[in-house]
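Below, chains carry the letters A, B, ... as their sequence lines are ordered, and counting in each starts from 1.
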Amino acid sequence: MSNKDAHFEKTKSHMIVTLAIWFFFSIVVFMFGESLNSASFLGYPLAYYMTAQGSLAAFIILIFWMSGKQEDIDEEFGFGEREDD
Amino acid sequence: MLKGGFIQNLPKIYGLYTGGFIVFILLMAILESSGVSAKTIGQLFLAFTVLIYALIGWLSRTVQVDAYYVAGREVPTVFNGMATAADWMSGASFVAMAGGIYFGGYIYMAFLVGWTGGYVLVASLLAPYLRKFGCYTVPDFIGTRYGGNFVRFCAVLVLVIASFTYVTAQINATGTIASRFLGIPFEQGVWIGLLSILMCSMLGGMRAVTWTQVAQYIVLIIAYLIPVFWISNKFGFGIIPHFQLGPEVARIAELEAQYGLVKNSADAVKAAGVPGGLASISTAHSAVPAGSAWKYISLAICMMVGTASLPHILMRYFTTPSVKSARKSVAWSLFFIFLLYSSAPMLATLSKISLIDPNLPTGIIGKSISDVQNIEWVRNWIAVKQAYIADFNNDGILQLNEWFMRGDVVVLATPEVAGLPYVISGLVAAGGMAAAMSTADGLILAIANALSHDIYYKIIDPKADVRKRLLAARVLLVVIGALGAYIASMRLTGILGAVAWAFDFAMSGLFFPLVLGVWWKRATREGAIAGILLGLASGTAYLVYVAPAFMNRTPWLQIDNLRFGIIGATVSLVAMVVVSLMTKEPDAATQKMVDDCRVPSGKPVISRQH
């Protein structure tokens, strides 16, 4: 397998992991909205909290983490950008 | 005056600008206390901010193609995040979102998750790869990846339909704000709004829009957050409302149980003479309605996938200096969006509790109707048909289901209800104007650029020189803007449909052709054409089938007119895969192009000047 293919394989698995986490916070959590709401967080009903703030904050952290990790993958295979590009 | 170039000094420049804006707000507060009328303060707010944007637009004028289409690809990560946030948050987000949450409760809040979760798709599936590709517009990617003018034309078609659905609502919002605060008729307000929008974009294209959007973001976020924090602190609900409103949310649920959530029959509402567009509270604030999971999730899916397909957002990531910064910039965009979106439910909570809690001095529910009618803000908003009282049970006491208001009132009137000085209302108007203008600019530019670059330059006249190309771009900008303003001035937006439609159109026609273009080498031109056209056609046909304004049939699986993108995108995916597999594999050059766009290093796939 060429370097490029290996890089893409790793990029692809990273993308799939990212989307799995995304799927959890955008879809799975809200499949159980009714039961989650009986729990509470910061005094808010949990499902209400997730749709008002929780999932939104999770997405931000997820993208920062995803970008950092993808930069590492690019560096690992020598595909990182040079600053003077 | 400043050492180094413009880009190096950005933090300093926008720091000064923010400081200047705060000084201006204080100045207005001083003017207000010295007796200057509310109307003058509103006018000064609008005039001052719009003139600043116009000045930035003029300073950013350019005669270079690269600067006009992609801001010279030198917008730093964080600033691009701010510009994207302004591009994203429309007049509707600013003015209507808190009201939507106020009346729609939990299900409406699917929009919050949908309009933020989509950025994960943008960052992981599209933005860095399109940046590496080096295109000027979204159809430019489709046209180059799949090859051929027809597929390029199809992409332009979806772009125009989706963006135009969206833009009239924005021009409409600028017109509403301009007319309300300048005291001119709505029809004139629309044209003044358009003039302000064009002043930002005409001379400098993407470069000018970028730097005005950053300035507009600063105004709109200050205007949104100050009232939320002020009200929360004034009533002693908490210093940072986002973490401390739990007891108020619980109190609202308690009051809902006490009053009972009554849904008025449409006939009763009509008989009582309630003006159109006004509503009473009939949905629980924080409770999850039984069996509503799919209703919530289907809306969130449409908004997320639609977000990742809207060209005016994707093209913002063409302006960063590198692939790496395009990716990080998505995270920053979402952070800046989060500041406003996470505040909207808090504003809705504050607004609702201050109206319905009889223990608060501002509470009106449970009070005698004749007293309530004498409150100044109630009188003002009833006079302009934005609020209404209908005493259904004739007991002279205001019940929860007898108070009607328009959703926009939540943002526009809450400062007044809570007894904040008028300067805050002027600030909110400037914020709403900034939000509507920045989105309108992004959308009009996306349409005009696609028509000038993809249709005029790539298809009609590939030999056109730079001067002619930029002239065409500017003429189209004015024509598209004028068309949007003309339609907005006819007040057809109610018929043209919700902002949500733009997301559904975009996801029906563009999502899979874009994503598979990067992630599936086997995707062919014929596949892409089938994906775009069949997706768009099936989505539109389904919309006509279910939309109340058209055939009004019973939706399948609760997929109603806000969610028709699910049908369109599914058809698009199936059509694209089937047709791609039936046609010949793309040639070696195309496959190499896809390989190149998957790695950050090396030259852009399309040459820098094209």
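Residue B:K521 qualifies as enclosed at atom NZ: its count of foreign heavy atoms under 6.0 Å is above 12. A:K4 NZ: more than 12 foreign heavy atoms inside a 6.0 Å radius. Counted within 6.0 Å of CD1 on B:I239, heavy atoms from surrounding residues, nucleotides or ligands total 12 or fewer; the atom is thus considered open.
Considering OG of B:S292 and CD of A:E34, their distance stands at 6.0 Å, rounded to 0.5 Å. In this structure, B:S286 OG and A:N37 CG are separated by 6.0 Å, a value rounded to the nearest 0.5 Å. We find the CG-CD1 distance between B:L334 and A:I60 to be 4.5 Å, quoted to the nearest 0.5 Å. Here the straight-line distance linking atom OG of B:S333 with atom CD1 of A:I63 works out to 8.0 Å at 0.5 Å rounding. Here B:L112 contributes atom CG and A:L56 contributes atom CG; the two are 6.0 Å apart, rounded to the nearest 0.5 Å. If you take CD1 on B:I297 and CZ on A:F30, they are separated by 8.5 Å, rounding to the nearest 0.5 Å.
At distances below 3.5 Å, not a single donor-acceptor pair connects side-chain atoms of A:W22 with backbone N or O atoms of B:L121.
For a residue to count as touching a neighbouring chain, one of its non-hydrogen atoms must lie under 4.5 Å from one of that chain's; by this rule B:P289 touches chain A with the backbone only. Contacts of A:A58 with chain B are absent, with no heavy-atom separation under 4.5 Å from either backbone or side chain. Proximity to chain A is limited to the backbone of B:Q244, based on heavy atoms less than 4.5 angstrom apart. Looking at A:M31, the atoms closer than 4.5 Å to chain B (heavy atoms on both sides) sit in the backbone and in the side chain alike. Proximity to chain B (any heavy atom under 4.5 Å) is restricted, for A:L62, to the side chain, taken from C-beta onward. Neither the backbone nor the side chain of B:I101 comes within contact range of chain A, judged by heavy atoms closer than 4.5 Å. Contact annotation for B:A290: both backbone and side-chain heavy atoms come within less than 4.5 Å of a heavy atom of chain A. With a threshold of 4.5 angstrom between heavy atoms, A:S26 approaches chain B through its backbone and through its side chain. The contact between B:V249 and chain A is made entirely by side chain atoms (from C-beta outward), counting heavy-atom distances below 4.5 Å. Only the side chain of B:L125 comes within less than 4.5 Å of a heavy atom of chain A; its backbone N, CA, C and O stay farther away.
At a threshold of 4.5 Å between non-hydrogen side-chain atoms, the residues B:M346 and A:Q53 count as touching. A heavy-atom distance below 4.5 Å is not found between the side chains of B:V323 and A:E71.
Taking each heavy atom of A:G33 and B:V288 in turn, the nearest pair found is O-CG2, 3.6 Å. Between B:S601 and A:G78 the shortest heavy-atom distance is OG-O, 4.3 Å.
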For this session: Just do the side-chain contact (heavy atoms from CB on, under 4.5 Å) check on B:F243 and A:Y44 with the steps written out, would you?
Result: CA-CA 9 Å; B:F243 301 135; A:Y44 298 100; 5.8 Å; no

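Using a cutoff of 4.0 Å between basic side-chain nitrogens and carboxylate oxygens, B:R598 and A:D74 are not scored as salt-bridged.
Counting heavy-atom pairs under 4.5 Å between each of B:F335, B:W332, B:F111, B:Y119 and chain A puts B:W332 at the top. Chain A forms the most heavy-atom pairs under 4.5 Å with one residue out of B:G246, B:P247, B:A287, B:A110, and that residue is B:G246. With respect to chain A, the highest number of heavy-atom pairs below 4.5 Å among B:A293, B:S322, B:A300, B:S342 belongs to B:S322. The choice from B:L245, B:D595, B:V330 that makes the most heavy-atom pairs within less than 4.5 Å of chain A is B:L245.
Donor-acceptor pairing under 3.5 Å is recorded for the side chains of A:T51 and B:Y296. Using a 3.5 Å distance cut-off with no hydrogens or angles, the side chains of B:T349 and A:Y48 do pair a donor with an acceptor.
Taking the six-membered ring for Trp and the full ring otherwise, B:W519 and A:F8 have centroids separated by under 6.0 Å.
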